[in-house]
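These figures come from a predicted structure and were not determined experimentally. Letters A, B, ... are given to chains in the order of the sequence lines, protein chains preceding strands, and every chain is numbered from 1.
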Amino acid sequence: MPELPEVEQVRKTLLPHIKGKTITKVEVYLDRLVKHPSSEQFIKNLTGRTIEDVCRRGKYLVLKTGVNQKLIVHLRMTGSLVAQASDLEAPPYAKIKFELTDGVTMWFCDIRTFGTLYLVTDDDCYIAGYETLGPEPLTVGFNPEYLAPIAAKSRKPIKTLILDQTVIAGLGNIYADECLALAGILPTRIANTLTRAEIEAVHEAANKVIAQGIANRGTTFRDYKDGEGNKGDNQNHLLVYGRGGEPCKTCGEPLATTKVGGRGTTYCAKCQH
DNA sequence: CTTCGTTCCTGGAAGC
DNA sequence: TGCTTCCAGGAACGAA
């Protein structure tokens, strides 16, 4: 599922194919994916616009399509944005087609159709979840001094806390499990029981697993592909996610699985405390 | 206020 | 073999 490193990889691979190109035609095959405005207005207001830049905030892709207009896309579980030559046929599960100048077509595809798209202007459309995003990993705003008081006030499991996008923008189920494995902290630990040293370990581990995910061009478990349709490589470097029952890479004990906040969770009962 | 459960959706795996 | 059931999960939303 696309988390921060995957969305960043989509951004990077999409950028050279679509930046500076003009949207000549938009077709929406599944209206409910367009959350704002109506799909008719969405099509009308995007047609003729030029993609000035491709940015990312948390797990959201942000395409600047004018001084006061942005196309904001959340891929959720199985969404993808792929740029390819216009003479190629539609990829599987194509839901929205963006025809661009210079013979390029960008497709929004989605198997489970949880993805969401918004066309916003500065004074129109508040996206719940976007405005309230917390600091990004690997930025100065994300640091132990920021994280410690939040954890101290929370009675949630630490995994649930770091999955909260208002606390940290961009961690999903894969990188949350990886972060806690690297930090040596049990996912079920209640956030306010973590020591200062443990908070620092979580902070450092979050930065490391996100940086590694980006360096490995994202994690492809099943459906994730980047803006050029290629898979990532980080699935070959994971400590725990998807490895339940397999030996811990540190101690060799079989990795345990459980549910935390309704999410499948894998950890090492020997290495994580 | 915080925290928890439900909901959306499809394809693949597991179970009978 | 072939059918049915379950599960994966981000985040909005309603309920406690």
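- Atom CZ in R32(A) sits roughly 17 Å away from atom P in dT7(B) (whole-Å rounding).
- Counting heavy atoms from C-beta outward, M106(A) and L63(A) have side chains that approach closer than 4.5 Å.
- With sequence neighbours left out, R76(A) forms a salt bridge (Lys or Arg N to Asp or Glu O under 4.0 Å) with no residue at all.
- At the heavy-atom level, K35(A) lies nowhere under 4.0 Å from the strands shown.
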Could you list the donor-acceptor pairs under 3.5 angstrom formed by side chains in residues 125-137 of chain A, with sequence neighbours left out?
unit_1: E136(A); atom_1: OE1; unit_2: R56(A); atom_2: NH1; d: 2.8
unit_1: E136(A); atom_1: OE1; unit_2: R56(A); atom_2: NH2; d: 3.2
unit_1: E136(A); atom_1: OE2; unit_2: R57(A); atom_2: NH1; d: 2.8
unit_1: E136(A); atom_1: OE2; unit_2: G58(A); atom_2: N; d: 2.6

Under 3.5 Å, which protein N or O atoms sit close to an N or O of nucleotides 2-5 of chain B? Give each pair with its distance.
unit_1: dT3(B); atom_1: OP1; unit_2: R155(A); atom_2: N; d: 2.7

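- Counted within 6.0 Å of NZ on K21(A), heavy atoms from surrounding residues, nucleotides or ligands total more than 12; the atom is thus considered enclosed.
- For E6(A) and K231(A), the salt-bridge test fails: no basic side-chain N is under 4.0 Å from an acidic carboxylate O.
- Every residue was checked against the salt bridge (Lys or Arg N to Asp or Glu O under 4.0 Å) condition with E52(A), not counting sequence neighbours, and none meets it.
- In terms of the salt bridge (Lys or Arg N to Asp or Glu O under 4.0 Å) criterion, K44(A) has no residue partners (sequence neighbours excluded).
- Within 4.0 Å of Y241(A), counting heavy atoms only, lie sugar-phosphate atoms of the nucleic acid but no base atom.
- Comparing the start and finish of the helix from dT2(B)-dA16(C) to dC16(B)-dG2(C), five pairs each, the helix axis swings through 60°, to the nearest 10 degrees.
- Atoms CG (L75(A)) and P (dC9(B)) sit 19 Å apart, rounded to a whole Å.
- Applying the salt bridge (Lys or Arg N to Asp or Glu O under 4.0 Å) rule to pairs touching residues 161-182 of chain A yields K156(A)-D164(A), K159(A)-D177(A), sequence neighbours excluded.
- Shown here are the ring pair (Phe, Tyr, Trp, His ring centres under 6.0 Å) partners of H17(A), two or more places apart in sequence or in another chain: there are none.
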Base-contact (B) and sugar-phosphate-only (S) positions in nucleotides 10-15 of chain C, heavy-atom cut-off under 4.0 Å, - elsewhere: BBS---

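- An OP1 or OP2 oxygen of dA8(C) is reached within less than 4.0 angstrom by a side-chain nitrogen or oxygen of K259(A).
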Polar atom pairs (N or O), protein with nucleotides 11-13 of chain B, under 3.5 Å:
unit_1: dG11(B); atom_1: OP1; unit_2: Y93(A); atom_2: OH; d: 3.4

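- Taking K97(A) as the reference, E27(A), Y29(A), E99(A), T105(A), W107(A) meet the side chain to side chain contact (heavy atoms under 4.5 Å, CB included) condition, with sequence neighbours excluded.
- Residues that satisfy the side chain to side chain donor-acceptor pair (under 3.5 Å) test with R263(A), not counting sequence neighbours, are absent from this structure.
- Across every non-hydrogen atom of G264(A) and K259(A), the tightest pair is N-CD, 4.4 Å.
- Judged by distance alone, the side chains of S39(A) and D31(A) do bring a donor and an acceptor atom under 3.5 Å apart.
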